[in-house]
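Residue numbers start at 1 and run along the sequence shown. The analysis underlying the following values was restricted to heavy atoms, covering all of them including side chains, and did not include hydrogens, waters or symmetry mates. Whatever order the structure lists ligands and atoms in, that order sets their numbers, starting from 1. As the structure is a computational prediction, the values presented were derived from the model and not from experiment.
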Amino acid sequence: MKYIFVTGGVVSSLGKGLTAAALGTLLENRGLKVALQKFDPYLNVDPGTMSPTQHGEVYVLDDGAETDLDLGHYERFTSTKLTRRNSTTSGQVYQEVLNNERAGTYLGKTVQVIPHVTDEIQRRILQLATDSKVDVVITEIGGTVGDIEGLPFLEAIREFALDVGPGNVCFIHVTYVPFIKAAGELKTKPTQQSVAKLREIGITPHLLVCRCEQPLNKELRSKLSLFCNVPYEAVIEEKDVEHSIYEVPLMLQRERLDDLVCKYFQIVAPPANMFQWQEVIRRLVAPQHRVRVGVVGKYTGLADAYKSVHEALVHAGIASDCRVQIEPIDAEEVEKADGLELLKGLGGILVPGGFGNRGIEGKIRAARYARENEIPYLGLCLGMQVATIEFARNILGLKSANSTEFDELTPDPVIHLQETQRHVKRKGGSMRLGAQESAIREGTLTRRIYDAALVSERHRHRYEFNNLYRERFEARGFVISATTPDDQLVEIIELKDHPFFVASQFHPEFQSKPTKPHPLFVGFITAAHQRQHHTPLVPIIAPPISAPTAAENRAGAVAARISTRPVDAAQ
Ligand code: GLN
């Protein structure tokens, strides 16, 4: 078993998660089995209770774990299915240690950060390694070297490296090499200092991944190598991508990151076959079609808040050779007198998940506009609930219909708290969470889109469609196209006389990948294109990017090799 630890230096938001995920892609495509794990140094037990403004989206796993959005990258970039074992926070570590202390596990000892907290961290690395039976475990340490909260994690991985012995642990430090405009130069000093800080703790990186806006020349690479104590070839350039984050694996392959890792571990594996990813990039860079869709939400200035939704839209575009231009639309702006102007000319309207009152009337208005003007609509969780409220008010004539989340005393609670939520007091981890099955009704658009009778999707909500209203809705063309297999909970709705109005109580975005786009998103983008350009989007290739044949595999491997010569050799 081999272990890679990814740390970050100089500034946050460097894309450590992406780098770790992209390395996972490369190693997997060399035929290795990989597990990815994230350590987050904050004290929240999980990000489920944090505001999106603090943390970006909460990414939900099959087992219901509410995790950091980097876990989304891990699942989109690799074939691993993650569970709560793949995500650890300081909060969880301390909670475990304190529970042990109360249980008397430490036999009267003074409980300390070293060794008790650090041991618990190491236990979690080993446990993942043992349970997942992979060749390589990649562990990303959240935060930046120098943060007080991160110290126990760094100390733990230092000790861990000692325990498992040299040659089994590879430290990768992702750092920033800024371009100073006034000097017209890239500067290495912040990286030197960050590595010095890491070495003070007792960790010497084996590989340095340098995030930069400009390419690193030979002189800079030599300087970084000398001052940071890494071999010249271990200085890896990771320039800002031009088109898409899905270029990162190919970029790191060109820099030979995976070759260096394999060489370090003495793993013999064929070059990564990046056939599929090259095709993904081709379609992203030069697609034949274009479509513009609006995402009506609350956090328009914060792309990370709807990360998986944005990615899933892009993936659907990849499936259809179509560039998806995403317009973030502030729901509160839609509430204003001329708010509908913002929705004009869009191919489709998407209302994503959310909590709380703010902007809710704007979202309801957007759903109405989509319904009345036959604009394709995709509602996700809250997006399904607002579509329900809108239909109740404007078609069923229940003028004050609402969700009890927004109006507890509404006479028509068409959306209300789930039975199982009535007595829930604690906020953390207490929603209906994770993968649940939905049975799809025959003869519906939803059934045609999924081409399946039973699907499993991830949930994160407290409120649900109120079953007392089912008949009244269905009598007016509001189709309940999927429910839980016991028919108790409405899972998907669609509208009869509309080209594409589909909304789900779950979050399909969490299961979409660039190489495996989600059918609901593909259906939405296809309909949106039809709406915007009045031409069908053909061909839709499903599955979007077919797995290469053995012969293509070989050709792909060769092509990958040719296009991945080290930059130095190419210069
Ligand atoms: N606030 C709604 C609920 O709790 C919707 C949740 C969501 O969109 N994730 O049911």
| message | Test salt bridge (charged side-chain N to carboxylate O under 4.0 Å, His left out) on E474 and R441; report intermediate values, then the result. | response | CA-CA 13 Å; E474 296 234 71; R441 200 197 278 178; 3.1 Å; yes
| query | Does an N or O from L382, backbone or side chain, lie closer than 3.5 Å to an N or O of ligand 1? | reply | yes
| task | Quick one: sort the H459 and F506 rings into parallel, tilted or perpendicular, breaks at 30° and 60°. | result | perpendicular
| query | Given G354, G379, G356, which one has a non-hydrogen atom that is nearest to atom 8 (O) of ligand 1? | reply | G354
| query | When the ring centroid of F500 is compared with that of Y377, is the distance short of 6.0 Å? | reply | no
| query | Heavy atom under 4.0 Å from ligand 1: found in M431's side chain, backbone, both, or neither? | reply | neither
| remark: Under 4.0 Å between heavy atoms, the region of R460 that gets near ligand 1 turns out to be backbone
| task | Answer yes or no: does an N/O atom from F355 fall short of 3.5 Å to an N/O atom of ligand 1? | result | no
| Just which atoms of ligand 1 are under 4.0 Å from any heavy atom in E405? | 1 (N), 2 (C), 3 (C)
| said: I want to know if ligand 1 touches Q505 in the polar sense, i.e. an N/O pair below 3.5 angstrom. | reply: no
| said: Taking the ring of H289 and the ring of H529, is the distance between their centroids below 6.0 Å? | reply: yes
| request: Tell me yes or no: between the side chains of R84 and Q92, is some donor less than 3.5 Å from an acceptor? | output: no
| remark: ligand 1 to G353, heavy atom cutoff 4.0 Å, flagged ligand atoms 8 (O)
| said: Is the ring pair Y469/F473 parallel, tilted or perpendicular, if the boundaries are 30 and 60 degrees? | reply: perpendicular
| field | Interfacing atoms of ligand 1 (cut-off 4.0 Å, heavy-atom, H507) | value | 9 (N)
